[in-house]
Amino acid sequence: MSSRRSNGRVASGRVALEKEVPLPQLPDHTTNLQWDEVKPLSGKPYSHNILSPTNLCPRYYMWLASNLRLELPSCEVPTILTYMGKSWDMVYCGQNKQQVFNVAGWKKFAVENCLRIGDACIFDLMESSDKKIIFEVQILRGDIPSEILENEMITGQSREMPIVLN
């Protein structure tokens, strides 16, 4: 148990328990998704991605499956991702060859939701127009075994070689 000295006193997690002060919960990336978090899809178009190094630090590129990109405008559109009652504003760059979310917006979503390589994101398209796009996102936590990640032939390293859920 870690502790530190302050004004000659020792502060530790034990002190917090004695004073009945709850300790903050840290995200546990080793557990799978809780079943009460799973929601049925809306029946509208959706995309699913298993996160790879390209989707996270330091690049933060996120593109959607080609079937869903066909449903989206080919211009720059304000976009909202919703997850667990919160929302994140970003821009979908449909005019770009890559057709990605802007890096700053996707990075904020990824960081605030503690996304890791091997997690899956399901993007359920709720609304799409030239004025606004809204996705409801589900995050399925899971770790890809290190043997797969270390394989040089792993898919998910680029748009041309995505990881696909069947």
Side-chain angles (χ1 to χ4, degrees), residues 24-34 37-42 44-166:
Q25 293 294 321
L26 298 175
D28 183 0
H29 297 292
T30 62
T31 59
N32 289 327
L33 174 74
Q34 299 298 314
E37 294 177 23
V38 176
K39 293 174 57 177
L41 295 172
S42 68
K44 297 178 180 181
Y46 70 94
S47 174
H48 48 268
N49 299 58
I50 296 178
L51 301 180
S52 70
T54 303
N55 305 125
L56 301 172
C57 187
R59 295 183 186 118
Y60 291 99
Y61 291 131
M62 177 51 75
W63 52 86
L64 302 167
S66 59
N67 68 312
L68 188 56
R69 288 194 312 265
L70 296 173
E71 304 287 331
L72 300 173
S74 50
C75 57
E76 197 169 273
V77 182
T79 301
I80 300 170
L81 300 185
T82 62
Y83 173 67
M84 301 292 283
K86 290 183 67 181
S87 63
W88 289 261
D89 294 328
M90 61 189 65
V91 175
Y92 174 73
C93 303
Q95 80 284 5
N96 292 352
K97 180 181 177 188
Q98 296 292 321
Q99 297 173 313
V100 296
F101 294 128
N102 69 312
V103 171
W106 171 249
K107 179 179 180 179
K108 183 174 173 107
F109 179 84
V111 169
E112 289 184 12
N113 287 291
C114 302
L115 295 180
R116 296 185 61 189
I117 295 170
D119 289 347
C121 288
I122 301 171
F123 299 91
D124 199 1
L125 182 61
M126 305 311 287
E127 183 178 328
S128 176
S129 72
D130 290 347
K131 305 286 184 222
K132 177 172 51 171
I133 299 172
I134 300 174
F135 288 102
E136 189 169 301
V137 181
Q138 290 194 61
I139 299 171
L140 308 175
R141 306 288 179 181
D143 293 318
I144 295 178
S146 60
E147 309 83 63
I148 294 174
L149 290 175
E150 292 167 1
N151 183 342
E152 291 178 11
M153 298 303 292
I154 181 71
T155 57
Q157 297 297 325
S158 70
R159 180 176 179 209
E160 291 74 31
M161 297 175 58
I163 296 174
V164 178
L165 295 171
N166 289 323

Please output the side-chain donor-acceptor pairs of residues 84-93 that fall under 3.5 Å, not counting sequence neighbours, one pair per line with the distance.
unit_1: W88; atom_1: NE1; unit_2: E112; atom_2: OE1; d: 2.7

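Smallest separation of non-hydrogen atoms from P73 and D130: CB-OD1, 3.2 Å.
Between the CD1 atom of I134 and the CD atom of E127 there is a distance of 4.0 Å, given to the nearest 0.5 Å. Here the CG-CE distance, from L115 to M62, works out to 8.0 Å after rounding to the nearest 0.5 Å. Between Q99 atom CD and S66 atom OG the span is 9.5 Å, to the nearest 0.5 Å. To the nearest 0.5 angstrom, T82 atom OG1 is 10.5 Å from F135 atom CZ. To the nearest 0.5 Å, atoms CZ (R69) and CD (Q98) are separated by 8.5 Å. A distance of 6.0 Å separates CG of N113 from OH of Y83, quoted to the nearest 0.5 Å.
Side-chain atoms of P45 and N67, non-hydrogen and from C-beta on, never get closer than 4.5 Å to each other. Here the side chains of Y46 and Q138 are not in contact, with every heavy-atom distance at 4.5 Å or above. Taking the side chain as every heavy atom from C-beta outward, V77 and S128 never approach each other to under 4.5 Å. D119 has its side chain within reach of R141: a pair of non-hydrogen atoms, C-beta onward, lies under 4.5 Å apart. Under the 4.5 Å side-chain criterion, counting only non-hydrogen atoms from C-beta, I133 is not in contact with F123. In this structure the side chain of Y61 reaches within 4.5 angstrom of the side chain of V103, judged on heavy atoms.
Remark: the backbone N or O of D124 is not paired with any side-chain donor or acceptor of E136 at under 3.5 angstrom.
For the pairing with F101, the side chain to side chain contact (heavy atoms under 4.5 Å, CB included) check across Y60, W63, W106 returns one residue only, W106. The residue from L56, T54, L51 that alone fulfils the side chain to side chain contact (heavy atoms under 4.5 Å, CB included) condition with I117 is L56. Checking L41, L64, L72 one by one against L125, the side chain to side chain contact (heavy atoms under 4.5 Å, CB included) holds for a single residue, L72.
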